[in-house]
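Let me begin by presenting the structure, written as structure tokens, before commenting on it.
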Amino acid sequence: MRLSRFPLSTSKETPADAAVVSHQLMLRGGFIRQLGSGLYSWMPIGVRVLRKIEAIVREEMNAAGAMEIITPTVQPAELWQESGRWAQMGDEMLRIKDRHKNEFCYGPTAEEVVTFHVRQDIRSYRQLPVNYYQIQTKFRDERRPRFGVMRSREFVMKDAYSFHMTEASLAAEYDNMRAAYARIFTRVGVDFRIVKADSGNIGGSRSEEFHILAQSGEDLLAVSDSGQYAANVEAAETRASGTPRAAASAVLEKVATPGQKTCEQVSKFMKVALDHKVKLLVVKAAKGGLVGIALRGDHQLNEIKAAKHPKIADPFQMASPDEVKAAFGCEVGYLGPVGCPIAVIADFAAAEVADFVCGANEDNHHLKGANWGRDAAEPETADLRMIVEGDPSPDGVGTIKLYRGIEGGHVFQLGKKYTKAMSLTVLDENQQPVTPEMGCYGIGVTRMAAAVIEQRNDANGILWPDAIAPFRVIVCPIGLDKADTAASVKAAAETLYGELLAAGVDAALDDRGLRPGEMFKDADLIGIPHRIIVGAKGLATQQFEYKRRDAAAAEMIAATTSAVLAKL
RNA sequence: CGGAGAGUAGCUCAGCUUGGUAGAGCACCUGCUUUGGGAGCAGGGGGUCGCAGGUUCGAUUCCUGUCUCUCCGACCA
């Protein structure tokens, strides 16, 4: 591409509205332009990146045996009513009506649509397993779009859906997709981790996320420092330590703690470590009424785990201050398990504390020297808390460290949730109808572009990996203004550029006639991995100057196309 | 959805407190000069000051409403 004919639109200024580096650089480099909240247009240079990511995804999905389809972005409400998600989805789903007042949504995902088509076309066990995928625009009406295309409302996702006669077949395809995803992320050129995930409201059993590690990531990952364990903190389990609780030694004593409501306040006021404080949260119980959750003062509730506990309401909901007052006769800040009027479930760690401090279930008072079994009923225990840095790894190998990550992909074993709800059956070898198992697999294509930048940038701009750079190499002629050298520089640059194209290299020629500084700044900002300078100085000794975007210094190479190709 | 902030030129912003019909830098156009890390000089084009009301002789400025965008939080395949 000749840059003189390419609408590059770069900016020196950092846009005021962009909070994260990928958003800033994508705007400064002219990759994307904002159209509205969570709505972005992809400009020519951005599309080049997007298409390269898509090509890698498509190649690997095809190689893994998945079949590409294209489904409409607008989907009839009936399908969502069949699966039950029309009611479930809430405002995240953009609902629209056509001229006949029929209801539709702009597709946030396509489990229903693909299940519908499989129901139309697949009749026999002989046709399974099958895996359909598409690379297509999705819309989710996020409550708060942010960070440019990292969390936009409209975005491009690769979504795949597989159907199987047996759980074993599903598991095999899940592993197949997982391996394809690992190849995709590796080829794109990012540092990623595969972590255990919660499957969220999509349902299903086994689920893992592909995270691109980055400081600005919205997800926290718990990773063992010496073992294999890696999980989203949402899904990371914690265990009982195995060491028995110390015997009760302190005398139970009520202490006035006026106005001291939070664990931090009480801990400071009573000069007791946070991990010897037990807090009691009151939440809605599964069968109506309330249930208490005891946690150590330094731990936080994991609401996803709580919602899955059989005695706790799903969806998770805290009790209102009025309900607490009615049950306990005191304010929220003074609750504790001793003399507690409702059933208590203790987190493993909370149940292991002896001689603890807790609320006295009386305004402005706490208890010290409290003990399970002696003062409070021995509680039912469960894993209810968020894992924290320094916890032993749940698999017993190593200690947990926390990292931030950007979710770039997600693979699920859905089971029969959608196939059953939508009455998809195929005939087995005994001519009996069977409800197939289903898996689904997603990659955020537009998000991936942003995530790569989060991981790969410096003070001058983006450092694209070769595989997805808008151009792999840029040729910068210098000295076109000098009468005595212009002709030779121009000829050498044109020849090199032409031969690179002929060799199948995605090259750019900066023939805009700019000053060198401007060319360099632009090339660095838009992240071209390789730069060749064709100048009179070098040509005098038959040399080009070569610089990798991520190298500190340039080097001189022979002024031949083959010498350049050897560097790419 | 709760909290905070912002809408003035393509971009980044000033002006508004104390009303008198608008400015800078960057970008753009023309010319000259310059050419190894976003040059210099001279000239030029470009804005119904988000929108709608109100107050006023007069509103970018004051008041009310409204829309949009951003940030923090909650939420989230």
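Naming: A, B, ... by sequence-line order, numbering from 1 per chain.
- Atom CG in A:Leu8 sits about 13 Å away from atom C1' in B:rG38, given to the nearest Å.
- Here, B:rA4 and B:rC62 have their C1' atoms 24 Å apart, quoted to the whole Å.
- For the pair A:Arg151 CZ and B:rA74 P, the interatomic distance rounds to 13 Å; values are reported in whole Å.
- Scanning all heavy atoms of the two residues, the minimum distance from A:Ser152 to A:Glu142 falls at O-CG, 4.0 Å.
- Among A:Thr419, A:Val130, A:Val118, the one residue that satisfies the side-chain contact (heavy atoms from CB on, under 4.5 Å) test with A:Pro436 is A:Thr419.
- Spacing of C1' atoms, B:rC13 relative to B:rG7, comes out at 12 Å, to the nearest Å.
- Within 4.0 Å of A:Arg28, counting heavy atoms only, lies at least one base atom of the nucleic acid.
- Judged by closest nucleotide on RNA chain B, A:Ala536 is the one of A:Tyr161 and A:Ala536 placed further toward the 5' end.
- Residues A:Ser162 and A:His164 bring a donor and an acceptor atom of their side chains to less than 3.5 Å of each other.
- Comparing B:rG37, B:rU12, B:rA27 by their nearest atom to the side chain of A:Glu13 picks out B:rU12.
- Atom CE in A:Met150 sits roughly 15 Å away from atom C1' in B:rC76 (whole-Å rounding).
- A:Tyr40 does not carry A:Arg33 over the face of its six-membered ring by the limits of under 6.0 Å from the centre and within 45° of the normal.
- Here the closest heavy-atom approach between residue A:Phe192 and residue A:Ala182 is recorded as CZ-O, 3.7 Å.
- When ring centroids are compared, A:Phe6 and A:Phe471 come within the 6.0 Å threshold.
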Original post:
Tell me, for nucleotides 67-73 of chain B in 5' to 3' order, what letter each nucleotide earns: B for a base near a protein heavy atom under 4.0 Å, S for only sugar-phosphate near one, - for neither?
Top reply: --SSBBB
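- Listed in residue order, the members of residues 507-522 of chain A having a heavy atom less than 4.0 Å from RNA chain B are A:Arg515, A:Pro516, A:Gly517, A:Glu518, A:Phe520, A:Lys521, A:Asp522.
- Protein atom CG of A:Leu480 is 14 Å distant from nucleotide atom C1' of B:rU34, rounded to whole Å.
- Under the Watson-Crick and G-U wobble criteria, each requiring two contacts below 3.5 Å, nucleotide B:rU17 is left unpaired.
- Atom CG in A:Asp458 sits about 13 Å away from atom C1' in B:rG37, given to the nearest Å.
- To the nearest angstrom, C1' of B:rC11 lies 14 Å from CG of A:Leu525.
- Base pairing of B:rA59 is not made with any nucleotide, judged by Watson-Crick or G-U wobble geometry with both donor-acceptor distances under 3.5 Å.
- A 4.5 Å side-chain heavy-atom check between A:Leu220 and A:Arg404 finds at least one atom pair inside the cut-off.
- Across the strands present, B:rA52 finds its partner in B:rU64; the criterion is a Watson-Crick or G-U wobble pair with both atom distances under 3.5 angstrom.
- Straight-line distance between the C1' atoms of B:rA27 and B:rC69: roughly 23 Å, to the nearest whole Å.
- Listed by chain and residue number, A:Phe210 satisfy the ring pair (Phe, Tyr, Trp, His ring centres under 6.0 Å) test with A:Tyr181 (two or more places apart in sequence, or in another chain).
- As judged by a 4.0 angstrom heavy-atom cut-off over every strand, A:Glu234 is placed among residues making no nucleic acid contact.
- When the C1' atom is compared between B:rA22 and B:rG47, the two are found 9 Å apart, to the nearest whole Å.
- For the C1' atoms, the distance from B:rU70 to B:rU12 is 15 Å, rounded to whole Å.
- Between A:Glu454 and the choices A:Val21, A:Leu213, A:Val190, A:Ile212, the side-chain contact (heavy atoms from CB on, under 4.5 Å) rule is met once, by A:Val21.
- The nucleotide B:rC71 finds its pairing partner in B:rG3, both defining distances of the Watson-Crick or G-U wobble pair being shorter than 3.5 Å.
- Taking atom CG of residue A:Asp481 and atom C1' of nucleotide B:rG40, one finds them 15 Å apart after rounding to whole Å.
- Taking the six-membered ring where the residue is Trp, the centroids of A:Trp464 and A:Phe31 are separated by under 6.0 Å.
- Per the geometry, CG belonging to A:Asp524 stands 17 Å off P belonging to B:rG36, to the nearest Å.
- Nucleotides B:rG73 and B:rG20 place their C1' atoms 45 Å apart, quoted to the nearest Å.
- Across all strands, A:Ser9 comes closer than 4.0 Å to no nucleic acid atom at all (heavy-atom distances).
- Within the 4.0 angstrom heavy-atom criterion, no nucleotide atom of any strand lies near A:Phe316.
- Nucleotides B:rC51 and B:rU60, compared at atom C1', are 14 Å apart to the nearest Å.
- Pairing for B:rC41 is with B:rG31, a Watson-Crick or G-U wobble pair whose two hydrogen-bonding atom distances lie under 3.5 Å.
- Of the possible polar contacts, one joining the A:Gln265 side chain to the A:Thr262 backbone as a donor-acceptor pair under 3.5 Å is found.
- A cation-pi arrangement, defined by a distance under 6.0 Å to the six-membered ring centre and an angle within 45 degrees of its axis, is present between A:Arg95 and A:Trp86.
- Using N1 to N3 plus N6-O4 or O6-N4 for Watson-Crick, or N1-O2 and O6-N3 for G-U wobble, each under 3.5 Å, B:rG25 pairs with B:rC11.
- Counting any heavy atom pair closer than 4.0 Å across all strands shown, A:Ala110 reaches a base atom.
- Between B:rG25 and B:rA14, the two P atoms lie 16 Å apart (nearest whole Å).
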